[in-house]
Asks: 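Right, I'll just put the structure down here and ask away after.
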Amino acid sequence: MLYNVAHSAPDLDGVPRALRPFIESCLAKDLAARPTPEQLLTLLGRVAPADRPWPPAVHRTIAAQRAGIDRLLGDTDRTLVPEPAPAAPADAGTAEPRPTPSPTRPLPPPRRRTGKTIALVSACALAVAGIGYGVYALKYKEKAADKGIARAAIAAMPR
């Protein structure tokens, strides 16, 4: 695939004939043969401004989305509004009063971990891993010496 991109001629069968000379010059294999932006503007000539710069399918999609939003925003019957609380009946004063709940204090904001805390935890984890490796290496070194493994292997162990 990449070989074809670099060495073969582009397939421009789907490109309209009026655009082929421009496209072919832009896809030239030799970079020096490709036109500069100024040359392309000269080749194309003056482009008339368009009222609708996007293709019709894009304008249809925009119109459909705008209509959907307008429908949602304009439909007040579907808006859910809570109904007001019912009025207290006339004999409501005879019931025992309920205690009012005490106001709650807002929770303090959560503490953010600082860089020092993260560095301390990382250092501790590194120290534990180093101690574990040291203990393992000492035990392995002693076993290797007991079993008579070659001195080169023992000398290669970190001290």
Side-chain angles (χ1 to χ4, degrees), residues 1-84 104-159:
M1 176 78 170
L2 291 176
Y3 179 84
N4 288 339
V5 169
H7 299 290
S8 62
D11 179 18
L12 300 176
D13 291 339
V15 177
R17 291 199 184 276
L19 290 178
R20 277 192 189 172
F22 304 111
I23 304 295
E24 285 173 348
S25 64
C26 291
L27 295 176
K29 301 299 176 196
D30 181 19
L31 297 179
R34 293 182 185 174
T36 64
E38 292 83 17
Q39 291 170 336
L40 278 176
L41 288 174
T42 303
L43 288 172
L44 289 172
R46 181 163 166 78
V47 178
D51 292 337
R52 304 183 89 186
W54 299 105
V58 173
H59 288 287
R60 283 192 299 271
T61 303
I62 291 171
Q65 290 177 352
R66 186 172 293 146
I69 291 170
D70 290 342
R71 186 184 72 247
L72 289 174
L73 293 177
D75 190 5
T76 57
D77 294 336
R78 293 186 53 178
T79 303
L80 300 177
V81 178
E83 296 196 16
T104 58
R105 292 186 314 166
L107 294 174
R111 290 184 56 191
R112 299 180 77 189
R113 292 189 182 242
T114 62
K116 291 180 183 179
T117 305
I118 293 172
L120 181 64
V121 170
S122 299
C124 289
L126 211 70
V128 169
I131 291 170
Y133 176 76
V135 170
Y136 173 76
L138 287 175
K139 282 187 174 183
Y140 182 77
K141 201 174 197 183
E142 289 173 3
K143 286 182 182 178
D146 291 341
K147 292 184 179 182
I149 295 180
R151 287 186 185 169
I154 294 173
M157 293 296 295
R159 295 180 184 193

Asks: Kindly say whether Ala9 contributes a backbone atom to a donor-acceptor pair with the side chain of Lys29 at under 3.5 angstrom?
Replies: no
Asks: Measure the spacing between CG of Leu138 and OH of Tyr133 and express it to the nearest 0.5 Å.
Replies: 10.0 Å
Asks: Between CG of Leu12 and CZ of Arg17, what distance do you get to the nearest 0.5 Å?
Replies: 11.0 Å
Asks: With rounding to the nearest 0.5 Å, note down the distance linking OG in Ser25 to CG in Leu40.
Replies: 6.0 Å
Asks: Do any side-chain atoms of residues 57-66 form donor-acceptor pairs under 3.5 angstrom with protein atoms, and if so which ones, sequence neighbours left out?
Replies:
unit_1, atom_1, unit_2, atom_2, d
His59, ND1, Arg52, NH2, 3.3
His59, NE2, Trp54, O, 3.2
Thr61, OG1, Ala57, O, 3.0

Asks: Using the side-chain contact (heavy atoms from CB on, under 4.5 Å) criterion, which residues pair with Ala32? Sequence neighbours excluded.
Replies: Asp30
Asks: Taking only residues at least two apart or on different chains, which pairs with a member in residues 39-49 satisfy side-chain hydrogen bond (donor to acceptor under 3.5 Å, both in side chains)?
Replies: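 Qualifying pairs: none.
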